[in-house]
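Notes follow once the structure below has been shown.
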Amino acid sequence: MDIQAYISSGKLELFLLGELNEREQQEVMEMAARYPAIQKELEELEQSMFAFDHRSGINPSEGVKNRIMETLYAGEQPTDAALPAAEKERNATTDRGIHRNISFPWKIWAVAASLAALIASAAAIYFATRYYQSQEDYLALMMERSVLAEELDIKQTRFEQVEEVLAGDFERVSLSGTAFEIQEDAKLNVFWNPDKALVYVTVQNLALLGADQDYQLWAIGEDGPIGIGLINPQEKNILQKMDAVVAAGAFAITIEPKGGSLSPTLEKLVALGEVA
């Protein structure tokens with residue numbers, strides 16, 4: 001069970017907002033009971049909601065309160081000019097401490113409903129934004145895991161190839177460019193099985209060439225150098241299969257025109273290694 005993926009799915013936020021059906025609510029409660037990390041995230045989200053509501057509920061100043069109350073009273077109280085003498089007397093009595101019982105509940109509830117709607121809208125936007133962000137993070141995580149899985153499969157295949165080669169009767173010949181100025185840091189390995197005439201090469205370090213050039217591997221025997229294949233410098237630590245070789249006293253690499261040559265260009269000798 002991928003706990004982090006479940007937390008990032010947005011279900012916990014929807015659960016707290018009451019947007020899940022009964023089956024989904026039961027699922028969230030069971031997951032929270034089973035996994036402490038999910039229960040902890042649920043509690044933190046709930047606290048965040050309450051904190052958000054608390055931050056949104058800022059108390060108005062006395063001046064704002066007075067203006068709101070004046071607005072509420074407006075339209076409910078007639079002016080003194082329009083009142084009869086008896087009513088004016090009752091108003092005067094009210095000023096001395098006796099409160100009039102004026103009913104305007106509908107305006108109070110209208111203001112309260114407006115504030116509640118504003119808070120609810122802000123909370124909905126906040127959690128919706130967080131939910132969609134969680135979805136994007138989840139998709140990005142899935143993509144990253146897919147790429148890593150693909151890379152792992154490639155590395156596993158390479159490992160199996162190398163294991164197969166090393167398990168057989170192969171000789172390893174190290175090719176180095178230390179003796180040649182053209183590429184002193186060049187380094188490769190040739191794996192050769194004389195009995196089966198199999199040859200593989202792996203690149204450890206080899207400079208890239210122009211589009212009109214290739215690296216060519218040569219097997220040097222009693223009959224001179226024989227070209228046995230082209231090498232891709234970008235495929236590092238990958239077994240690149242070459243042509244069959246039955247006998248060789250050394251292997252060498254040269255830079256040749258695109259597609260290779262029938263004989264090596266010695267002034268462009270990159271690396272050389274003798275068979276032990």
Side-chain angles (χ1 to χ4, degrees), residues 2 4-5 140-276:
D2 193 337
Q4 190 56 46
L141 178 62
M142 290 299 100
M143 288 290 293
E144 182 178 354
R145 290 184 61 181
S146 176
V147 171
L148 291 175
E150 185 177 348
E151 291 178 352
L152 181 61
D153 289 341
I154 294 173
K155 290 180 179 180
Q156 180 66 24
T157 302
R158 293 176 182 174
F159 175 78
E160 291 173 355
Q161 289 177 336
V162 173
E163 193 175 45
E164 180 183 354
V165 169
L166 297 180
D169 188 16
F170 279 83
E171 297 181 33
R172 187 178 75 172
V173 181
S174 295
L175 277 65
S176 174
T178 54
F180 309 99
E181 294 182 1
I182 190 169
Q183 283 189 46
E184 295 182 354
D185 58 349
K187 192 172 184 181
L188 306 93
N189 285 315
V190 170
F191 296 92
W192 177 40
N193 186 324
D195 296 332
K196 297 181 179 179
L198 293 175
V199 178
Y200 294 93
V201 63
T202 60
V203 176
Q204 290 179 281
N205 190 44
L206 202 58
L208 299 180
L209 297 176
D212 58 341
Q213 294 178 317
D214 274 322
Y215 288 106
Q216 189 167 2
L217 180 64
W218 304 87
I220 304 173
E222 293 180 356
D223 297 330
I226 299 174
I228 57 174
L230 303 178
I231 299 173
N232 187 344
Q234 293 181 304
E235 294 186 355
K236 293 186 177 182
N237 299 313
I238 298 176
L239 290 173
Q240 301 182 47
K241 190 174 183 180
M242 301 288 110
D243 296 338
V245 173
V246 176
F251 291 93
I253 296 173
T254 61
I255 298 175
E256 303 295 337
K258 191 70 176 178
S261 303
L262 295 177
S263 59
T265 305
L266 296 179
E267 60 268 23
K268 291 187 178 180
L269 182 61
V270 175
L272 177 68
E274 294 183 0
V275 178

(request) Mark yes or no for whether Asn193, through its side chain, and Leu198, through its backbone, hold a donor-acceptor pair below 3.5 Å. (result)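 No, the answer is negative, given that no donor and acceptor are paired below the 3.5 Å cut-off.
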If you take all heavy atoms of [X] and [Y], which pair is closest and at what distance?
X	Y	answer
Pro233	Ala207	CB-O, 3.9 Å
Ala248	Val275	O-CG2, 3.7 Å
Asp214	Gly259	OD2-N, 2.8 Å
Tyr215	Gln183	OH-NE2, 2.5 Å
Glu171	Ala276	OE1-O, 4.4 Å
Glu256	Trp218	OE2-CZ2, 4.0 Å

(request) Any chance you could lay out the side chain to side chain contact (heavy atoms under 4.5 Å, CB included) test for Val270 and Ile255, step after step, and finish with the verdict? (result) CA-CA 7 Å; Val270 175; Ile255 298 175; 3.5 Å; yes
(message) For the CG atom of Leu262 and the CD1 atom of Ile226, what is their distance to the nearest 0.5 Å?
(response)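 Answer rounded to 0.5 Å: 12.0 Å.
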(request) Look up atom CG in Asn205 and atom NZ in Lys236, then write down how far apart they are to the nearest 0.5 Å. (result)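 Taking CG in Asn205 and NZ in Lys236, the distance rounds to 5.0 Å.
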(message) Using side chain to side chain contact (heavy atoms under 4.5 Å, CB included), reason through Leu217 and Gln240 one step at a time and then give a plain yes or no.
(response) CA-CA 11 Å; Leu217 180 64; Gln240 301 182 47; over 6 Å; no
(message) Run the side-chain contact (heavy atoms from CB on, under 4.5 Å) test against Asn189 and tell me which residues pass, sequence neighbours left out.
(response)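 By the side-chain contact (heavy atoms from CB on, under 4.5 Å) rule, Asn189 matches Arg172, Ser174, Phe191, Thr202, Gln204.
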(request) Evaluate whether atom CG of Asp223 has more than 12 neighbouring non-hydrogen atoms of other residues, nucleotides or ligands under 6.0 angstrom away. (result)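 Counting other residues, nucleotides and ligands, CG of Asp223 stays at 12 neighbours or fewer.
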(request) Please check if atom CD in Glu235 has more than 12 non-hydrogen atoms from other residues, nucleotides or ligands closer than 6.0 Å. (result)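 Yes, the 6.0 Å shell around CD holds more than 12 heavy atoms from other groups.
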(request) Using side chain to side chain contact (heavy atoms under 4.5 Å, CB included) as the criterion, point out the one residue from Ile231, Val173, Leu239 that pairs with Val201. (result)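 With Val201 as partner, Ile231, Val173, Leu239 yield a single side chain to side chain contact (heavy atoms under 4.5 Å, CB included), made by Ile231.
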(request) Apply the side chain to side chain contact (heavy atoms under 4.5 Å, CB included) test between Val203 and each candidate in Ile238, Leu175, Leu188; give the one that qualifies. (result)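 Considering Ile238, Leu175, Leu188, a side chain to side chain contact (heavy atoms under 4.5 Å, CB included) with Val203 is found only for Leu188.
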(request) Kindly indicate whether the side chain of Gln216, heavy atoms from C-beta on, has any atom under 4.5 Å from the side chain of Leu230. (result)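 Touching, per the 4.5 Å side-chain cut-off.
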(message) Measuring only between side-chain heavy atoms, which start at C-beta, is Glu267 closer than 4.5 Å to Thr254?
(response)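 Contact flag for Glu267/Thr254 side chains = no.
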(message) Applying side chain to side chain contact (heavy atoms under 4.5 Å, CB included) to Met242 and Phe251, what does each step give before you reach the verdict?
(response) CA-CA 12 Å; Met242 301 288 110; Phe251 291 93; over 6 Å; no
(request) Run the salt-bridge test on Lys258 and Asp212 with the 4.0 Å N-O cut-off and return the result as yes or no. (result)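 Looking at Asp212 together with Lys258, the answer is no, because their closest N to O distance does not fall below 4.0 Å.
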(request) Decide side chain to side chain contact (heavy atoms under 4.5 Å, CB included) for Leu269 and Ile182; before the verdict, give the C-alpha distance in whole Å, the side-chain angles of both, and the deciding distance to 0.1 Å. (result) CA-CA 7 Å; Leu269 182 61; Ile182 190 169; 5.9 Å; no
